[in-house]
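One structure is given here, and the rest of the page talks about it.
Just the heavy atoms: all of them, side chains too, but no hydrogens, waters or symmetry mates, feed the values below. It should be emphasised that the depicted structure is a prediction, and the values quoted were computed from it without experimental measurement.
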Amino acid sequence: MAESKIIRKALGLFLVITLIACSEQKNKRVINFPKTNLALEHLIPKPLEIIPTNTGFALDEYTAIYTSKNVEGFEELGAFLAKKIKAKTDLDLQVNINDLPNTETVIYINQAESNDDMGREAYQLRITQDSIILNSSTAVGGFRGIQTLRQIIPETSIDTLVAGTKIWAIPTGKIMDSPQFEYRGTMLDVARHFFSVEDVKKYIDVLAYYKYNVLHLHLTDDQGWRLEIKSWPKLTEIGGSSEVGGESGGFYTQEDYTEIVNYAALHYITIVPEVDMPGHTNAASVSYPFLNGNGKKLELYQGTRVGFSTFDTRKDTVYAFIDDVVREIAALTPGPYIHIGGDESHVTKKPDYIYFVNKVEKIVQKYNKRMIGWDEVATTGVDSTSIAQFWNSKKNAQEAADKGMKIILSPAKKAYLDMKYDTISKHGLNWAAYIPVDTAYKWTPESYEGIPIKNILGLEAPLWSETISNIEELEYLAFPRAIGYSELSWTTQENRDWESYKVRLANQTPFLDRMNVKYYPSKLIDWKQTKNKYKEIEKD
């Protein structure tokens, strides 16, 4: 098997080398490429190492795409890249066609030998005047490299001597890259306000472009239960019927959720489902009153106050319910994590809270998932395989580190996407801080609050939805700050610089306009102007 794999890869490389050699024997077009700085113009997150050679690769109708064949995911990468190039340039590039006599330049997506030191998401791009070779040992690494390639394709073509021929001059050089943190996420709260499958898919499209690999969905809260559980149908029939402000709510059928999970997987993004408990559980308890532990009359809730609800943590039937919920969600979720919430359970007595979290951890593990909880869970007896999400308490995060737990950094005063940019922001809250674009970028996760870097699994930027109710308002709060968090997650500290970043961020305008993203136009950024707002959105 190993020998045949080597032979297949050798044949693939032989094909691309032959095509390049043949193209060099032709009378090559003479193109005056503009000198382009590969290092600084458009790349976010910034790669690990860039070596520019200051010439150009001609992307045009005579370019072909080839991939390693019979390797899981690689042929699909070629199709994905061709589709994205079509969306940006209107070029129809052929993929893995053996006989293309007019081919002048070649893009080859190649499965390379594994480099364990670099990790699964590592890739290399080698760009010359005749070829672009994207090397990665895995399809996910290839996918991350494709996002870099998408970013360095110019927005406009250059003039040529041949009438009707358009050429996009891709800057040449070498890029070697891999992420700093393995977990690079954002959270979307669909419980306070519900967002449609199409809204979530659009969000995924933009996140993937910036190399995110996790989307955490906050599926349940006091205001709504958003995922169908077939063994407990009233959760969505009743609990899914409301949201903040008295609107009609909504929920995902299991088929809807599967559509989101599968779409995310196509973009190498893992969905992390969250069922928040034992607090933040009013919608569940209204649906099934036996769950309720606060002793108060139950009604659907449409406000934003927190901390008043709790499950009855001493009832066996509550854990039977949770077992069913976790079982069904685990079956729908191929990713390794299930988030149990655990935050702001203010009316749950401390011994009951500890008892509850320890019981639920075992249920999550029963279904072969790894438990994540907000930082309060570190105060219980959970074991070191569970993960604490640091949002509020430095003390809790330190306790998690002392137990050997991995920690996801989501400090509210630095990383909460629902915080206002400033005093005149249209949407958002300010209980933690105002977070302008520079504040969101200029902090150091690697040493934040003294948490040892060995304990940091990665970063996540949560977007709570108390003050937003549609995709445009979501985008206003998320972007451009989520773009900065992608660089904090991927790029090492010594490779980050605000002055460089704000120039590269300004150059994201054409992509954001093409995607019809209603981002916040911070005055801290000298946004690149585009002639037209694109009407068509890049979608898969």
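Cation-pi check for Lys201 over Tyr263 is met; the charged atom lies under 6.0 angstrom from the ring centroid and within 45 degrees of its normal. Figure legend: cation-pi geometry between Arg481 and Tyr421, with NZ or CZ positioned under 6.0 Å from the six-membered ring centre and within 45° of its axis.
Within a 6.0 Å sphere centred on CD of Glu72, heavy atoms belonging to other residues, nucleotides or ligands number 12 at most. Counting non-hydrogen atoms of other residues, nucleotides and ligands closer than 6.0 Å to NZ of Lys426 gives a total of 12 or fewer. Counting heavy-atom neighbours within 6.0 Å of Asp526 CG, excluding the residue itself, gives a total of 12 or less.
The two residues Thr105 and Thr103 come nearest to each other via the heavy atoms O-CG2, 3.5 Å.
Every residue two or more places apart in sequence or in another chain that forms a side chain to side chain contact (heavy atoms under 4.5 Å, CB included) with Glu494 is listed here: Thr492.
Salt-bridge annotation for Arg184 and Glu121: present, with a side-chain N of the basic residue lying under 4.0 Å from a carboxylate O of the acidic one. Salt bridge Asp177/Arg144: absent, no basic N to carboxylate O contact under 4.0 Å. Look at Asp60 and Lys166 and you find no salt bridge, because none of the NZ, NE, NH1 or NH2 atoms lies under 4.0 Å from a carboxylate O. At a threshold of 4.0 Å, the pair Asp189-Arg192 counts as salt-bridged, since one of the basic side-chain nitrogens sits closer than that to a carboxylate oxygen. Remark: Glu155 does not engage Lys528 in a salt bridge, criterion side-chain N to carboxylate O under 4.0 Å. Classification of Lys518 and Glu475 as a salt-bridged pair fails, no side-chain N sitting under 4.0 Å from a carboxylate O.
Under the 6.0 Å cut-off for aromatic ring centres, Phe479 and Tyr520 do not qualify, their centroids lying 6.0 Å or more apart. When ring centroids are compared, Tyr257 and Tyr252 stay outside the 6.0 Å threshold.
Each of Glu460, Gln389, His216 was evaluated against Ser410; a single residue qualifies, Gln389, per the side-chain hydrogen bond (donor to acceptor under 3.5 Å, both in side chains) test.
Residues Tyr476 and Ser425 have side chains in contact (heavy-atom distance under 4.5 Å, counting atoms from C-beta outward).
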